[in-house]
Amino acid sequence: MKTPSKWLEKISVFIYRVLLVFYPADFRRVYGSQMVQLFWDSCREAQQHAGMRGLISLWLSTLYDVASSVIVERSMTMQRHPVIKRLAWLSPVLIVLVLLSVVFSVPRISSEAPASGPTHITTTTPVPPHVDLLLATCSQPDAPSTIYTVVVSIPERGDRVGVAPSHAVEPGPIIHDEQFGRLLLRGPCYDP
Amino acid sequence: MTHPEHDPESLLPLRPAVFHILLALADGERHGYGIMQEILAGTSGKLRIGPGTLYGSIKRMLADGLIEESDERPDPALDDERRRYYRLTAFGRRVAEAEAKRLLQVVSVAQQKRLLRGLEPLSWSVER
């Protein structure tokens, strides 16, 4: 058993007292002195058993304890705070607002399709024979930043050119989707 | 403050710190350092609960009626009168028992699945 160093104990306890300021005031007022007493006892015991090494080990575990318990006590204090309590009823309202915004955003995005719609797509990309559906993303000349997806058929095969319900998509490179027999391409839109 | 109307099961599963504090107080009242020492001894030194976690748990356990502060002092001559002692309430004992049973069931399942080597299953038979 080693003789505990009094000044190391005092310095440690002083630092621990300072760390207590991170706890909520109510908690500190009720339990602060007991926590200091407990830490002091632990300091003495750690030094008696393992000297400086024991004290360092105690400090490492104490720092973790302070960090984790401060977060817990602070969050619980915040939950009891009158302002937070008063605003608690807002959480279901916020959920409803988020849901409503999702529901109403879908038709809004759809309505962003051009009124006339792109009706013709010019591309020099060769269409493989097995491709029976052509998807293209394009933008109108007056709104180049808005990209629309359109579905077109292949004119060489006597199909009509059609416009699908469009939604905004990120512009990207030409993608050959062999699995689904589609060709995705990007190009300008022209009115006939 | 006790909660006789509460079902002990409603508080399960307990956080490890809370269950260990209940265990430490099961055989008598103790102060904070005594609780910490008892937990260290009961876990072969593997679980050290720091002051923040200990008194945070004690605060909530007092509010839940699991423990109460004791007015009695073992011997003022031997003890620092600033220390506060805590003891189990009847409700706290029921909650500790319910948690112990719950953990026993868990251990039983682990034994049946042979996860605990060197320990016999809880139910076994000998054929002659």
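So that the names make sense, note that chain A is the first sequence line, chain B the second, and so on, each numbered from 1. Basis for what follows: all heavy atoms, side chains included, without hydrogens, waters or symmetry-related copies.
Minimum heavy-atom separation, B/Arg84 to A/Val30: NH2-O, 3.3 Å. Taking every heavy atom of both residues into account, B/Ile58 and A/Tyr31 meet most closely at CG2-CE2, 4.3 Å. Nearest heavy-atom pair, A/Ser68 versus B/Thr53, reported as atom, atom and distance to 0.1 Å: OG-OG1, 4.5 Å.
Each of B/Val106 and B/Leu14 belongs to its own hydrophobic cluster when Ile, Leu, Val, Met, Phe, Trp and Tyr are linked at side-chain heavy-atom distances under 4.5 angstrom. Under the 4.5 Å side-chain contact rule for hydrophobic residues, A/Met76 and B/Ile21 do not share a cluster. Note on B/Tyr33 and B/Leu40: separate hydrophobic clusters, where clusters join Ile, Leu, Val, Met, Phe, Trp and Tyr whose side-chain heavy atoms are under 4.5 Å apart, directly or indirectly. Both A/Met52 and A/Trp40 are members of a single hydrophobic cluster when ILVMFWY side chains are connected at heavy-atom separations under 4.5 Å. Hydrophobic clustering (ILVMFWY, side-chain heavy atoms < 4.5 Å, transitive): B/Leu103 and B/Ile39 are in one cluster.
Heavy atoms of A/Val36 lying under 4.5 Å from chain B are absent altogether. The parts of A/Ser42 that come within reach of chain B are both its backbone and its side chain, each placing non-hydrogen atoms under 4.5 angstrom from that chain.
Looking at B/Tyr55 and A/Gln34, their side chains come closer than 4.5 Å, going by heavy atoms from C-beta outward. The side-chain heavy atoms of A/Glu45 and B/Gln37, taken from C-beta on, include a pair separated by under 4.5 Å. Between A/Asp41 and B/Arg83, some side-chain heavy-atom pair lies under the 4.5 Å cut-off.
Pairs of residues two or more places apart, or lying in two chains, never qualify as ring pair (Phe, Tyr, Trp, His ring centres under 6.0 Å) while including a residue from residues 97-116 of chain B.
The stretch residues 12-26 of chain A places A/Tyr16, A/Tyr23 near chain B, each with some heavy atom under 4.5 Å from a heavy atom of that chain. Residues from residues 53-66 of chain A that place a non-hydrogen atom less than 4.5 Å from a non-hydrogen atom of chain B comprise A/Leu58, A/Ser61, A/Asp65, given in numerical order.
Partners of B/Lys59 according to the salt bridge (Lys or Arg N to Asp or Glu O under 4.0 Å) rule, which considers only residues two or more places apart in sequence or in another chain, are A/Glu73.
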